[in-house]
Amino acid sequence: MSYYLTTPIYYVNAEPHLGHAYTTVVADALARFHRLLGLETRFQTGTDEHGDKVVEAAVKAGLPVKDFVDRVSARFRQSWDELDISYDHYIRTTDPAHVKVVQEVLSRVHESGGIYFGEYGGLYCYGCETFYLERDLIDGRCPDHQTKPTYLKEENYFFRMSKYQGWLLDYISDNPDWIRPERYKNEVLAFLREPLEDLCISRPKSRLEWGITLPFDERYVTYVWFDALLNYLSGLGYPGGDLYKKFWPAQHLIAKDILKPHAIYWPTMLAAMGLEPFAHLNVHGYWQLDSGKMSKSLGNVVEPKGLAAQYGVDQVRYFFLREMVFGLDAHFSVEALVARINADLANDLGNLVARSLGMAFKYRQGIVPPPGVPNDLDQEVILLAARAAADFLHNFPALEFSRALAGLWEFIGHLNRYIVVNAPWELAKQPEAAARLDTVLYHLLESLRWIAALLRPVMPASALKMSEQLGLGLALWDQPLPQVLQWGRLLPGSTLQKGPALFPRIDT
RNA sequence: GGCGGUGUAGCUCAGUCGGUUAGAGCAUGCGGCUCAUAUCCGCAGUGUCCGGGGUUCGAAUCCCUGCACCGCCA
């Protein structure tokens, strides 16, 4: 079994921002999760580097275009390294291998009649270098330049997308969770109620040179779709090689703004190429930044790099997955981030680890005690651990990250209550309760092992720290989840490690 | 303008697609514990489920309509 997951390739006309970081963190958590399940996993991200906006940005930065895209692409890559993103392949649309695949595919689709040469006429603004529709103009003038656009005819290449409309509608009906969550499937179906038009896929070099030359007409470059979307295949070495055979079809992860290209253009392109559609299109919402509170200083913080540096990589990763219901929009604020860190991570989980380990050291010299016969309270802990794990394993791959984590935190809450109910500090005062104290401590520590294992995809560094504090060697830690999640694998007699607070409170 | 979405506690939001008395977290107040990162535990709440109309034995949930906000087409 294999699992191939992609993020979009990010457009390099601007720096990485919160939305990019969210998509990439979600993808990373999913990739790590599936690796832990034991699936052969490939996780690809990268950058989209052609087109007029990039040229514009390069001119503005005073750099040759290639130097500019190198710089911004590296900036993205660095951000992902800082966020602990475990991508297997970082693709760039300026990679020679990608360019070659694009040209091969274009040739093939052209030869099979899927691409034709046609004329397009419209109102063109020289300032924007783009065509406008009548209805988009303000008093007949360009909304940006306040100039009157000229009627211009341009010859271009078009992809026969329209002929796939019926097929696509059928495919969506036959595969109801192909585009998910459901709301986005419905949106696509709404698009498809209108007749689908053919897709313009070229730009004359007189207007745009920074692109991939059409293999059948060197006066043109290909525009956006047959370049960018094909990264999902070129990154696998398509059409040759083993990777494509092993990993296609892909799980795509995108934000809702690029739903249409991925849900409509891309599958029809794949159909024209005679390929199997992607496995799922997974669509998420937006982080809403309250513009009122969005001061300039905060603007810098919302840059992923600054956020992780200030609040911690795992803290930010946890916040992303816990705070946003996948598919819906959510509000982002530093206040909300700090609230999550303090309440969930410092108070609930971090403190649970600290008090459990603290008691194990204070009462048992940091040695894992042997569990005695479990009573009802202990049985309940074991039951709830199993339930939390089962729910988590069910919700996480279904993209219900928030629910998965909320469920795990219910278990954490239960453990905090378990401590109060059992009052180990009282047991410690009674010599005859020694076995009972052993049992309580063991159930706590073993529960923490489960929690650490489940949190690995979300907070890899913190989960590892937990495992180290629990004295787990690699043999107990670095295994597929189903093997790790067996009650009682924490060995009595093994040595715990003291460590600093996992998630320090943030003073407000 | 067209299409789609959202509106639930002071705040942020769940509510698995009609079914007990509408929930969680945060924030607030009171009480308890001392193993712990001043943490944890218990108790207390507060609701015109945006307004109006309809379907139904029954609606936060389905339908119509109005308002507000958001997104896409761009």
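Treat the numbers as computed from the prediction; the structure is a model and nothing was measured. Each chain gets a letter, A, B and so on, in the order its sequence line appears, and its residues count up from 1.
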Can you tell me the distance, in whole Å, between the [atom1] atom of [X] and the [atom2] atom of [N]?
{"X": "A:Leu259", "N": "B:A74", "atom1": "CG", "atom2": "P", "value": "14 Å"}
{"X": "A:Glu335", "N": "B:A27", "atom1": "CD", "atom2": "C1'", "value": "13 Å"}
{"X": "A:Leu321", "N": "B:G25", "atom1": "CG", "atom2": "P", "value": "21 Å"}
{"X": "A:Asp257", "N": "B:G5", "atom1": "CG", "atom2": "P", "value": "18 Å"}
{"X": "A:Leu415", "N": "B:C40", "atom1": "CG", "atom2": "P", "value": "14 Å"}

G-U wobble or Watson-Crick pairing nucleotide for [N] (cut-off 3.5 Å, both distances):
{"N": "B:G58", "value": "none"}
{"N": "B:G4", "value": "B:C70"}
{"N": "B:G23", "value": "B:C13"}
{"N": "B:U37", "value": "none"}
{"N": "B:C43", "value": "B:G29"}

Take atom [atom1] in [N] and the same atom in [M], then report the distance between them in whole Å.
{"N": "B:G23", "M": "B:A68", "atom1": "P", "answer": "33 Å"}
{"N": "B:C11", "M": "B:G2", "atom1": "C1'", "answer": "35 Å"}
{"N": "B:U28", "M": "B:C49", "atom1": "P", "answer": "27 Å"}
{"N": "B:G5", "M": "B:C41", "atom1": "C1'", "answer": "41 Å"}
{"N": "B:G15", "M": "B:U8", "atom1": "C1'", "answer": "9 Å"}
{"N": "B:C50", "M": "B:C13", "atom1": "P", "answer": "15 Å"}

- Assign each of A:Ala343 and A:His414 to its nearest nucleotide of RNA chain B by heavy atoms, then name whichever residue's nucleotide is nearer the 5' end. A:Ala343
- RNA chain B nearest-nucleotide lookup for A:Arg322 and A:Glu182: closer to the 5′ end is A:Glu182
Ring-ring centroid check [X] [Y], cutoff 6.0 Å:
{"X": "A:Tyr318", "Y": "A:Trp409", "answer": "yes"}
{"X": "A:Trp287", "Y": "A:His17", "answer": "no"}
{"X": "A:Phe332", "Y": "A:Phe319", "answer": "yes"}
{"X": "A:Tyr157", "Y": "A:Tyr116", "answer": "no"}
{"X": "A:Trp225", "Y": "A:Phe159", "answer": "no"}
{"X": "A:His262", "Y": "A:Tyr232", "answer": "yes"}

Give me, pair by pair, the N or O atoms of the protein and of nucleotides 12-14 of chain B that are less than 3.5 Å apart, along with how far apart they are.
residue, atom, partner, partner atom, Å
B:C13, OP2, A:His331, NE2, 3.2

- Query: Counting any heavy atom closer than 4.0 Å, what does A:Asp348 reach on the DNA or RNA strands: base, sugar-phosphate only, or nothing?
  - Reply: sugar-phosphate
- Message: So if I define the base as every atom that isn't primed, P, OP1 or OP2, how would nucleotides 31-38 of chain B read as a B/S/- string at a heavy-atom cutoff under 4.0 Å?
- Response: --SSBBB-
- Stepwise ring pair (Phe, Tyr, Trp, His ring centres under 6.0 Å) check, A:Trp450 with A:Phe411: CA-CA 11 Å; A:Trp450 282 50; A:Phe411 181 50; 7.9 Å; no
- Are A:Asp329 and A:Lys256 close enough for a salt bridge, meaning some N to O gap below 4.0 Å? yes
- Report yes if the side chains of A:Asn351 and A:Phe503 come closer than 4.5 Å at any heavy-atom pair, otherwise no. no
- Query: Closest approach of A:Leu196 and A:Gln165, non-hydrogen atoms and distance?
  - Reply: N-OE1, 2.9 Å
